[in-house]
Amino acid sequence: MTDTPDNAAPAAAAPPQQQPVTSRVLAQYIRDMSFENILAQKGVKGDAQPEIQVQVNLDARKRTADHQFEVITKLNITSKTKAAGEPLFVLEIEYAGVFHVENVPEEQMHPYLLIECPRITFPFLRRIVSDVTRDGGFPALNLETIDFLALYRTELARRAEAEKAKTPVN
């Protein structure tokens, strides 16, 4: 005998279960790179304490194959002397990852590609930057971890402000 009455309502239908996100790195590569050792070309007088600036840009695009995306992290790194502001070196690099991504809702795909994918490739890019600066005659530059979520939010805010500036005020 069961403890449930005969007139019990049927159990509510469970919502359809979402498939887990699947993501794989299919390839990683340097798309473009330039390293210019200005110190060796021109020479710098006195103590050359460096001041380093790093600019980060991200780009993502759909590839022709289903569920494949290319995500590019672009770094522009400049080093100047603290005292005189004389350039020491310039490193520009575009590092790409090809990802197979499934089961990410369409409205979440853009942030996924520009936050999660660069997080995956960043350690490899960091190592390349370290090796290139060391091989270029400088102490190895070990980049600090980049907060891709904060970078994404900042870009969204910048775009919103730009759009707001375009809209005429009545």
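Values below: every heavy atom of this structure, side chains too, minus hydrogens, waters and symmetry copies. Here the structure is a predicted model, which is why all the values come from computation and not from measurement.
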Is the closest side-chain heavy-atom distance between [X] and [Y] below 4.5 Å?
X: C117; Y: Y112; answer: yes
X: I30; Y: I128; answer: yes
X: L125; Y: L75; answer: yes
X: T78; Y: F89; answer: no
X: N76; Y: V90; answer: yes
X: S79; Y: I52; answer: yes

Are [Y] and [X] linked, directly or through intermediate hydrophobic residues, by side-chain heavy-atom contacts shorter than 4.5 Å (ILVMFWY only)?
X: V104; Y: V25; answer: yes
X: L58; Y: I115; answer: yes
X: F148; Y: I72; answer: no
X: M33; Y: V56; answer: yes

>> Quick test of your reading: applying salt bridge (Lys or Arg N to Asp or Glu O under 4.0 Å), list the pairs with at least one residue in residues 113-123, sequence neighbours left out, ordered by first then second residue.
In response: E116-R119
> Does the pair Q68 and L26 meet the rule for a side chain to side chain contact (heavy atoms under 4.5 Å, CB included), with working shown?
Replying inline: CA-CA 9 Å; Q68 285 191 14; L26 302 177; 3.4 Å; yes
Looking only at heavy atoms, what is the nearest atom pair of [X] and [Y], with distance?
X: P50; Y: K82; answer: O-CE, 3.4 Å
X: F69; Y: R63; answer: C-CD, 3.9 Å
X: K80; Y: G85; answer: CD-O, 3.7 Å
X: F122; Y: I146; answer: CE1-CD1, 3.4 Å

>> For the OH atom of Y29 and the CG atom of D32, what is their distance to the nearest 0.5 Å?
In response: 11.5 Å
> Distance from T73 atom OG1 to R31 atom CZ, nearest 0.5 Å?
Replying inline: 11.5 Å
>> Are more than 12 heavy atoms, taken from residues, nucleotides or ligands other than E144, located less than 6.0 Å from that residue's CD atom?
In response: no
>> Between I77 and L141, does the side chain to side chain contact (heavy atoms under 4.5 Å, CB included) criterion hold? Intermediate values first, please.
In response: CA-CA 10 Å; I77 303 169; L141 175 60; 3.8 Å; yes
> So, the side chain of R126 versus the backbone of L143: is there a donor-acceptor pair under 3.5 Å, distance only?
Replying inline: yes
>> Is it the case that the side chain of N37 and the backbone of G136 share a donor-acceptor pair, with hydrogens and angles ignored and the cut-off at 3.5 Å?
In response: yes
Distance-only donor-acceptor pairs under 3.5 Å for side chains of residues 150-160, two or more places apart:
unit_1: Y152; atom_1: OH; unit_2: H110; atom_2: ND1; d: 2.9
unit_1: T154; atom_1: OG1; unit_2: A150; atom_2: O; d: 2.8
unit_1: E155; atom_1: OE1; unit_2: R158; atom_2: NE; d: 3.1
unit_1: E155; atom_1: OE2; unit_2: R158; atom_2: NE; d: 3.4
unit_1: E155; atom_1: OE2; unit_2: R158; atom_2: NH2; d: 2.6
unit_1: E155; atom_1: OE2; unit_2: R159; atom_2: NE; d: 3.1

> Residues in side chain to side chain donor-acceptor pair (under 3.5 Å) with T133, at least two apart?
Replying inline: none
>> Going by the rule side chain to side chain donor-acceptor pair (under 3.5 Å), which residues pair with D59 if we only count those two or more places apart in sequence or in a different chain?
In response: R61
> Of all residues at least two apart in sequence or in a different chain, which pass the ring-ring contact (aromatic ring centres under 6.0 Å, His included) check with F124?
Replying inline: none
Taking distance alone, no hydrogens or angles, what donor-acceptor pairs closer than 3.5 Å link side-chain atoms of residues 92-103 to residues at least two apart or in another chain?
unit_1: Y95; atom_1: OH; unit_2: Q28; atom_2: OE1; d: 3.0
unit_1: H100; atom_1: NE2; unit_2: E102; atom_2: OE2; d: 2.6
unit_1: N103; atom_1: ND2; unit_2: P20; atom_2: O; d: 2.9

